[in-house]
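Working notes, structure below.
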Amino acid sequence: EVPRPRLSRSNTQYYTRVHEAAMAEIFRAGSGLVGLVNLGNTCFMNACLQCLAHAVSLADYFLGYEWHAEINESNPLGFGGEVARAFGQLMEAMWSQKAAIVPKTFKAAMSKSAPMFAGNEQHDAQELLTFLLDALHEDLNRCKSKPYVKAVECDGTDQELCAAKAWAGYLKRDRSIIVDLFQGQLRSTVVCARCGHSSISFDPFMYLSVPVVQASGGAPLDVEQCVEKFSAEERLDGDNAWFCDKCKARVQASKRIELWKLPPLLVVHLKRFSFDARGRAAKISTYVDFPLLDLDLAPYCQSPQRDPPLYDCFAAINHHGEVGMGHYTAYAKNRVDNRWHLYNDSKVSDVARADNVKTADAYVLFYSRVVVDGVSKIHKGLRSDTPNNRSVSTQSVDSASSLSSPTNRVIVRRQSISLPHLWPHYRDEPDPDLATLPLRVSSSLQDAKPQHADKKRKVSSSTVSTRGSPNKLIDAIPTHGEPVLLSTIHSAAEPLLREVAAPGGPRRRLVTRPSAVLAILYSDYGVSADPVHR
């Protein structure tokens, strides 16, 4: 067995150091073209698993890293790692075997973790997908504790900073590969109709549930229109009236939820099932057109994106039939042969034309952001499959689309509280507000310094000479984006580097290298480790 790299801040920040030898062995001709046996109305589960298996970055994590080291068995919201282990084992089998797989172990783990999925009843694929992603997140949550985090209050000014603070607060409790890949941020704005007072909050999301409505004038409906409708203004009154802090009463208000920061992998759920006043369900079978290449969400984002919000579709869950008596299948684009395939439980078949993937049965769409080294492929001129150069109506075989191709990789940044330059809120472009955001957030988080910081360094604050103070070191960090010179940090830290008196013992050095001081800054105060800021 080829050893895989362990995941830690010291060896990777971008999930780029997968074991190439192991991955080359896994992804060879014919890999991933394996069906899943239906265990009795488990087509909803099989369709979800096929789509997730073809999410390149997620597969890389479970096949190319030592992910077992990240299992959080003590998390009360998790399942002791059982779901993650079962999912990881199934991913291994799906990319190494040729015959259809019987997913009994995974089904048993899901049934134990969520009894509603036990038995042989049909379930909603989106419901299972939501549970599975959440279960994987909690099983692999890098946060060993979940401290209380105060909600960020935003008065409408400096919303980028408020959003970044909200993201930092979220990362104190939730950090995992699922956050890194699937989670973005929404802005919610509520405005009082009586006094005009507004409340703005920023919340994480893992998928977009967009309404399916008929376009005006009988025009064709596309997914962009559904996303636009998602952000339409909503009226709050009656039982849904909003409590205004200024009016001190429940009042009529307007609410709008908008895209703020988008994730590397975007899941779009088309809300095809509606319910009337009596609770009776009905399916909306309206055809929704969606691009297989270059879904551009820039017009719907209310905040500048670190990477261009351009997406390619790589998988789709389909629901055939009516409510309560339907069947699920999946379309997925294979990373090895670069072709679309239909996964119908244990059967796998080739799709003659890529456009055949787009049907009125499309239910959940999976998109991957189109970037290379943080720049759009189109902008870099690396796309040979853009609509201007090649129609997506025909399949193409392109060996360059395999794992070894850099154009097939999404830049995935490992989210960490202490490395805000990896957040989606940071941009390399010379925007005076966004370029300084990591340091501004770091400055705002200084008051939230971990209480165990001194314990971690095994030096009591009482042993440090009064000639030096950690506050002086922190004061040396500029909060407006000026370059941080090593000499400046060293000068401010110099008193801390002097000998300290250990009670009843000899005098000794506290720290001997400036790099150690920087390491403390990175881990405890959130100073960026990016060479530019260093």
Taking the ring of [Y] and the ring of [X], is the distance between their centroids below 6.0 Å?
{"X": "Tyr328", "Y": "Tyr343", "value": "no"}
{"X": "His54", "Y": "Phe366", "value": "no"}
{"X": "Phe202", "Y": "Trp260", "value": "yes"}
{"X": "Phe131", "Y": "Phe79", "value": "yes"}
{"X": "His319", "Y": "Phe44", "value": "no"}

Exercise for review: Would you sort out whether Asp312 and Arg369 count as a side-chain contact (heavy atoms from CB on, under 4.5 Å), showing the intermediate values?
Suggested key: CA-CA 6 Å; Asp312 282 357; Arg369 192 164 51 202; over 6 Å; no
Practice item. Check the pair His327 / Asn318 against side-chain contact (heavy atoms from CB on, under 4.5 Å), numbers first and verdict last. Key: CA-CA 8 Å; His327 178 62; Asn318 310 299; over 6 Å; no
**Study point:** Heavy atoms of other groups near Gln302 CD, more than 12 under 6.0 Å
**Key:**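 Result for CD/Gln302: enclosed.
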Exercise for review: Kindly check if the number of other-residue, nucleotide or ligand heavy atoms within 6.0 Å of NZ (Lys246) is above 12?
Suggested key: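 Not more than 12 within 6.0 Å, no.
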Point to revise | Test log, rule salt bridge (charged side-chain N to carboxylate O under 4.0 Å, His left out), inputs Arg414 and Glu70 | key: CA-CA 13 Å; Arg414 191 171 165 83; Glu70 295 202 314; 2.4 Å; yes
If only side-chain N and O atoms count, and only distance matters, is there a donor-acceptor pair under 3.5 Å linking [Y] with [X]?
{"X": "Gln185", "Y": "His425", "value": "yes"}
{"X": "Arg194", "Y": "Gln252", "value": "no"}
{"X": "Lys107", "Y": "Thr42", "value": "no"}
{"X": "Asn75", "Y": "Glu138", "value": "yes"}
{"X": "Tyr363", "Y": "Asp124", "value": "yes"}
{"X": "His137", "Y": "Asp174", "value": "yes"}

Check your understanding: Does Glu234 pair with Lys255 as a salt bridge, N-O distance under 4.0 Å?
Key ->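 Not counted as a salt bridge, because no side-chain N and carboxylate O are separated by less than 4.0 Å.
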Check your understanding: When you check the gap from the basic side-chain N to the acidic O, do Glu160 and Lys165 get nearer than 4.0 Å?
Key ->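 Answer for the salt bridge query: no.
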Practice item. Would you sort out whether Asp355 and Lys358 count as a side-chain contact (heavy atoms from CB on, under 4.5 Å), showing the intermediate values? Key: CA-CA 6 Å; Asp355 275 344; Lys358 300 191 290 184; 3.6 Å; yes
Practice item. Test Arg250 against Asp237 for salt bridge (charged side-chain N to carboxylate O under 4.0 Å, His left out), laying out the working first. Key: CA-CA 9 Å; Arg250 297 183 67 84; Asp237 56 10; over 6 Å; no
